[in-house]
Enquirer: 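Here's a structure for you.
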Amino acid sequence: MNPISQRLVLFLAAVSTAAAEPTLREVFKDDFTVGVALNSRQVSGRNEKAAELAGKQFNSITAENDMKWQLVHPEPDRYRFEAADAYFEFAKKHDMEVIGHTLVWHSQTPRWVFQGADGGDPTREELLERMKEHIFKVAGRYKGRVKGWDVVNEALSDGGEDILRDSPWRRIIGDDFIDHAFRFAREADPQAELYYNDYNLEIPRKRDNCVKLVKGMLERGVPIDGIGTQSHFQLGFPPLGDIEKTIVEFSKLGMKVMVTELDVDVLPRNRPGVADIGSREQGANPYTDGLPDEMQKKLAERYADIFEIYLKHRKHVTRVTFWGLDDRQSWLNGFPVRGRTNHPLLFDRQLNPKPAFTAVVKLGEKERPGAAKVELK
Ligand code: GLA
């Protein structure tokens with residue numbers, strides 16, 4: 001073959017592999033949307049390679065930070081929508097849905113929100129008014145364009161007698177701050193789906209409390225469409241049975257179930273589910289030069305097990321969103337302490353697919369109509 005036709009053959013081979021290469025959004029298109037949390041470098045195109053990969057693989061995006069109160073509404077009379085707007089442009093370009101994250105949260109919310117005129121607490125009425133104004137402005141701006149909102153994030157407690165955590169929202173307004181937030185959101189954008197979002201919902205106590213919370217909301221006629229389980233998992237925690245039970249219990253309430261912030265921490269922790277204070281110790285950051293094959297395999301198996309559950313409950317699981325595109329920009333490199341080298345996602349630091357990606361895609365492909373049926377547990 002002369003060099004030109006040789007090159008042509010190589011080119012055609014590359015094109016056909018690219019065309020046949022399965023993507024997450026494609027293999028799960030009849031099951032659920034597959035989402036990713038992105039940052040402003042990625043959606044603005046400053047990180048072009050990442051933008052391309054995200055557009056190809058996913059059909060739903062969440063702003064990792066840019067729609068949080070602190071960024072979008074830093075001062076009482078100042079809103080900054082530039083960064084948030086970019087997610088909608090990106091989504092339009094790549095034919096994706098946008099998830100709004102998040103309207104009411106105790107974290108990443110500026111201090112002024114919880115301050116009254118005298119520097120102490122605002123009154124209940126003042127804070128409710130502030131919440132309403134914020135929700136109307138933010139959810140109102142994206143009315144008809146957003147798929148749904150994480151209306152309230154992380155309101156449940158992690159222990160103790162109380163169902164709800166002690167937060168300024170609760171302390172100043174009372175337990176009904178959640179109901180108000182959802183009612184305001186519905187009014188601001190009647191078409192948007194409204195979600196309650198939290199972490200560790202696989203832990204039985206917190207799962208039960210979430211069920212109680214949402215049941216109460218439904219009884220009071222509060223508009224809510226779904227529950228988001230963040231799903232910041234580890235290799236060995238939570239047990240698969242608990243992951244499944246959470247989906248089942250939430251769907252029994254008639255809720256759409258969304259996996260909203262999926263990742264799998266591969267680094268050691270002292271106690272499951274809890275930030276590891278001793279993680280600065282030597283040996284706590286063992287994969288600084290990359291994840292060894294044996295660990296890649298473990299991660300792939302863990303993801304496959306988890307996705308089997310999602311597929312089994314695809315009627316109720318409407319979306320699975322990963323908390324980040326690639327290992328390099330995962331928040332888990334800084335949690336529970338800075339300077340870790342974590343490998344929790346499907347794409348590595350060079351944006352190459354990991355064995356975990358292949359495992360997940362394979363599972364999706366097997367489920368395609370006409371394909372040999374896999375036995376789901
Ligand atoms: C929580 C929040 C997210 C994000 C992660 C850490 O899960 O819901 O917005 O802040 O923590 O990145």
Side-chain angles (χ1 to χ4, degrees), residues 35-43 50 54 60-74 83-84 87 98-110 113 134 138-139 146-158 164-165 167 169 178 181 185 193-203 206-207 210 213 226-234 237-238 243 246 257-267 269 272-276 279 319-346:
V36 62
L38 296 177
N39 59 39
S40 67
R41 276 181 56 78
Q42 294 163 330
V43 291
S60 175
I61 51 170
T62 306
E64 186 176 2
N65 286 300
D66 289 314
M67 292 183 204
K68 291 174 181 170
W69 195 312
Q70 180 179 273
L71 283 114
V72 97
H73 190 184
Y87 291 81
V98 178
I99 304 299
H101 174 81
T102 172
L103 295 169
V104 174
W105 190 22
H106 60 275
S107 179
Q108 291 187 264
T109 301
V113 177
H134 177 83
V138 179
V146 86
K147 169 75 181 175
W149 276 101
D150 291 336
V151 179
V152 174
N153 198 28
E154 302 181 352
L156 290 166
S157 68
D158 287 311
L164 298 183
R165 79 162 62 236
S167 76
W169 290 113
I178 300 174
E193 291 183 350
L194 307 181
Y195 319 128
Y196 175 73
N197 194 53
D198 213 327
Y199 63 91
N200 278 355
L201 295 178
E202 290 68 31
I203 293 179
K206 208 162 171 183
R207 175 205 299 134
C210 188
L213 170 72
I227 305 177
T229 171
Q230 293 185 2
S231 309
H232 293 294
F233 293 156
Q234 296 161 53
F237 185 86
I243 296 177
T246 289
V257 184
M258 260 143 271
V259 175
T260 53
E261 305 187 15
L262 179 63
D263 47 25
V264 177
D265 187 345
V266 299
L267 299 182
R269 290 204 203 169
V274 177
D276 172 8
S279 52
R319 169 169 57 94
V320 177
T321 291
F322 290 85
W323 204 244
L325 178 67
D326 64 89
D327 289 343
R328 191 168 62 90
Q329 45 77 239
S330 165
W331 74 292
L332 283 171
N333 297 309
F335 178 86
V337 287
R338 279 174 199 276
R340 311 192 99 201
T341 312
N342 221 321
H343 308 264
L345 296 164
L346 301 189

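Counting starts at 1 for both ligands and their atoms, in listed order.
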Enquirer: What is the nearest protein non-hydrogen atom to atom 10 (O) of ligand 1, stated with its residue, atom name and distance?
Expert: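 I find the closest protein heavy atom is K68 NZ, 2.9 Å.
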
Enquirer: Going by atom types only, do D265 and N342 share a side-chain donor-acceptor pair under 3.5 Å?
Expert: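 There is such a pair (donor and acceptor under 3.5 Å, judged by atom type) between the side chains of D265 and N342.
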
Enquirer: Looking at every non-hydrogen atom in both residues, tell me the closest pair between V151 and T102 and how far apart they are.
Expert: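 Shortest heavy-atom separation between V151 and T102 comes out as O-OG1, 4.0 Å.
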
Enquirer: Starting from atom 9 (O) of ligand 1, which protein heavy atom do you reach first, and at what distance in Å?
Expert: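 Here the nearest protein heavy atom works out to H101 NE2, 2.5 Å.
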
Enquirer: Heavy atoms only: give me the nearest A50-Q42 pair and the separation to one decimal.
Expert: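 Heavy-atom minimum between the residues: CB-CG, 4.0 Å.
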
Enquirer: When you look for heavy atoms under 4.0 Å from ligand 1, do you find them on the side chain of W323, its backbone, both, or neither?
Expert: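 It is the side chain that touches ligand 1; the backbone stays farther off.
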
Enquirer: Do M67 and T62 have side chains that get closer than 4.5 Å, going by heavy atoms?
Expert: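 When only atoms from C-beta onward are counted, T62 and M67 do not touch, as no gap falls below 4.5 Å.
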
Enquirer: Could you check atom 8 (O) of ligand 1 against the protein and tell me its nearest heavy-atom contact, residue, atom and distance included?
Expert: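 The closest one turns out to be E261 OE2, 2.8 Å.
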
Enquirer: Parallel, tilted or perpendicular: which one describes the rings of W69 and H73, with boundaries at 30° and 60°?
Expert: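 Answer is parallel, since the angle falls under 30°.
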
Enquirer: State the atoms of ligand 1, each with its element, that fall below the 4.0 Å cut-off from a heavy-atom position in W105.
Expert: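 In order of number, 2 (C), 10 (O).
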
Enquirer: Could you tell me whether a side-chain N or O of K206 sits under 3.5 Å from a main-chain N or O of Y199, the two making a donor and an acceptor?
Expert: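 Flag set: sc K206 to bb Y199 pair under 3.5 Å.
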
Enquirer: Please determine if N153 has a nitrogen or oxygen closer than 3.5 Å to a nitrogen or oxygen of ligand 1.
Expert: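 Checking ligand 1 against N153, an N or O pair does fall under 3.5 Å apart.
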
Enquirer: Numbering the atoms of ligand 1 from 1, which are under 4.0 Å from a heavy atom of Q108?
Expert: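 So the atoms of ligand 1 that pass are 10 (O).
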
Enquirer: Please could you name the atoms of ligand 1 that H232 approaches to less than 4.0 Å, counting only its heavy atoms?
Expert: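 The list of qualifying atoms is 7 (O).
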
